[in-house]
Amino acid sequence: MSSNQALDLKLLKKFKNELTRFMMLYQFGIDELNTKIDILKQEFQYIHNYSPIEHVKSRIKSPESILKKVQRKNLDLSLPSIKENIKDIAGIRITCSFISDIFEISRMLENQSDIEVVEKKDYINHPKPNGYQSLHLIVKIPVFMSNGIENVYVEVQIRTIGMDFWASLEHKIYYKFDNEVPAYLSKELKNAADTVAMLDKKMEVLHEEIRKLDSDDDIENELNLLNASGQKLNIPMALLESLSKDKE
Ligand code: 0O2
């Protein structure tokens, strides 16, 4: 091996290490946000007695897709430029039961002091012409590394089960036809999106009705039970009475 080749290999290895560290940052951003979402989920469960989050998925954009986006957007091919201009390298998708949960979770995330919402797209109140619905947030979150703080962007998509079902099918169809979806299928997809929106609204109304039926009896029955991390613990009535006297 010539000295030039050895130098090239050394340089390539250096770039690979830089790229690996760069991608790790996004995984750490996702990890931090996932912890926050998990805490919100448990707290919500405690307050409202049901889980608003059906599931959470995350992904890191592949270097290949990042490169395609850099070319499509005509960006500078450098890590600082990619970091500042491509804001969906890290992505989290939260699937909720009801539309109101989407906005509640979004509000709870927005209220966290170390999260900065830099962009918000409401495709629920303003669906895309093809029928796509979802709430998109681009958030900036600090990652504490050994040599300082790095702020990373994470794209958070929040949607109902129905919206998610529709989007994954539409995505498959879109790719199958290589972006040239026949008109009759686009029309059917739009009809399906309208049906999803109608169903989501109906489910929301039913959900509200059920909540109203939660009687005071239920509150009394639950009074001496404390729910901590899914574990139900008995609270002695004497302790509860003593604590409430302190507050009087
Ligand atoms: P992937 O593989 O999911 O990451 P951008 O291109 O991000 O700079 P844009 O297009 O304005 O700007 O972003 P927008 O509207 O917020 O959409 C970003 C992501 O939302 C997409 O990411 C999709 O995941 C999803 N999305 C948006 N529109 C549609 C749609 O019509 N159908 C479906 N199924 N998903 C949609 P990517 O990068 O396209 O793909």
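Order of appearance sets the numbers: ligands from 1, and atoms from 1 within every ligand. Quick caveat, the model's predicted, so the values are computed rather than measured.
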Closest non-hydrogen protein atom to [atom], residue and atom name please, with distance?
{"atom": "atom 18 (C) of ligand 1", "result": "Glu155 OE2, 3.6 Å"}
{"atom": "atom 3 (O) of ligand 1", "result": "Arg93 NH2, 4.0 Å"}
{"atom": "atom 21 (C) of ligand 1", "result": "Gln157 NE2, 4.2 Å"}
{"atom": "atom 17 (O) of ligand 1", "result": "His136 CE1, 3.6 Å"}
{"atom": "atom 6 (O) of ligand 1", "result": "Lys69 NZ, 3.4 Å"}
{"atom": "atom 35 (N) of ligand 1", "result": "Tyr132 CE1, 3.4 Å"}
{"atom": "atom 13 (O) of ligand 1", "result": "Lys121 NZ, 3.3 Å"}

I'd like to know whether CE of Met203 has more than 12 heavy-atom contacts from other residues, nucleotides or ligands below 6.0 angstrom.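 12 or below, so no.
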Is it true that [Y] and [X] share a donor-acceptor pair across their side chains at a distance under 3.5 Å?
{"X": "Asp101", "Y": "Tyr50", "answer": "yes"}
{"X": "Asp31", "Y": "Asn34", "answer": "no"}
{"X": "Ser97", "Y": "Glu54", "answer": "yes"}
{"X": "Glu84", "Y": "Tyr153", "answer": "yes"}
{"X": "Glu104", "Y": "Ser100", "answer": "no"}

Using a 4.0 Å cut-off to any heavy atom of [X], which atoms of ligand 1 qualify?
{"X": "Lys73", "answer": "8 (O)"}
{"X": "Asn130", "answer": "30 (C), 31 (O)"}
{"X": "Asp88", "answer": "7 (O), 38 (O)"}
{"X": "Arg59", "answer": "4 (O)"}
{"X": "Ala167", "answer": "34 (N)"}
{"X": "Lys61", "answer": "4 (O), 38 (O)"}
{"X": "Lys128", "answer": "15 (O), 27 (C), 28 (N)"}

Has Thr20 got a side-chain atom pairing as donor or acceptor with Lys16's backbone, closer than 3.5 angstrom?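 Answer holds: yes.
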Hey, is the main chain of Thr195 close enough, under 3.5 Å, to the side chain of Trp166 for a donor-acceptor pair? no
Would Tyr174 count as a contact residue for ligand 1, given that I'm defining contact as a non-hydrogen atom of the residue lying under 4.0 Å from a ligand atom?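 Contact absent.
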Lys87 near ligand 1 by a heavy-atom separation under 4.0 Å: no
Under-4.0 Å salt bridge between Glu32 and Lys36: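 Looking at Glu32 and Lys36, the cut-off is not met.
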Taking the basic N atoms (NZ, or NE/NH1/NH2) and the acidic carboxylate oxygens, is any pair closer than 4.0 Å for Lys212 and Glu209? yes
Going through the checks in order, is the side chain to side chain contact (heavy atoms under 4.5 Å, CB included) test met by Thr95 and Ile53? CA-CA 6 Å; Thr95 313; Ile53 297 176; over 6 Å; no
Tell me the nearest of Met163, Glu170, Arg159 to atom 34 (N) of ligand 1, using heavy-atom distances. Glu170
Per-atom contact, [atom], protein heavy atoms, under 4.0 angstrom:
{"atom": "atom 39 (O) of ligand 1", "value": "no"}
{"atom": "atom 10 (O) of ligand 1", "value": "no"}
{"atom": "atom 15 (O) of ligand 1", "value": "yes"}

Results of salt bridge (Lys or Arg N to Asp or Glu O under 4.0 Å) for Asp76 - residues two or more places apart only: none
Full working for salt bridge (Lys or Arg N to Asp or Glu O under 4.0 Å) between Glu155 and Arg93: CA-CA 8 Å; Glu155 184 189 62; Arg93 188 169 291 152; over 6 Å; no
Quick one: does Trp166 get an N or O within less than 3.5 Å of an N or O on ligand 1? no
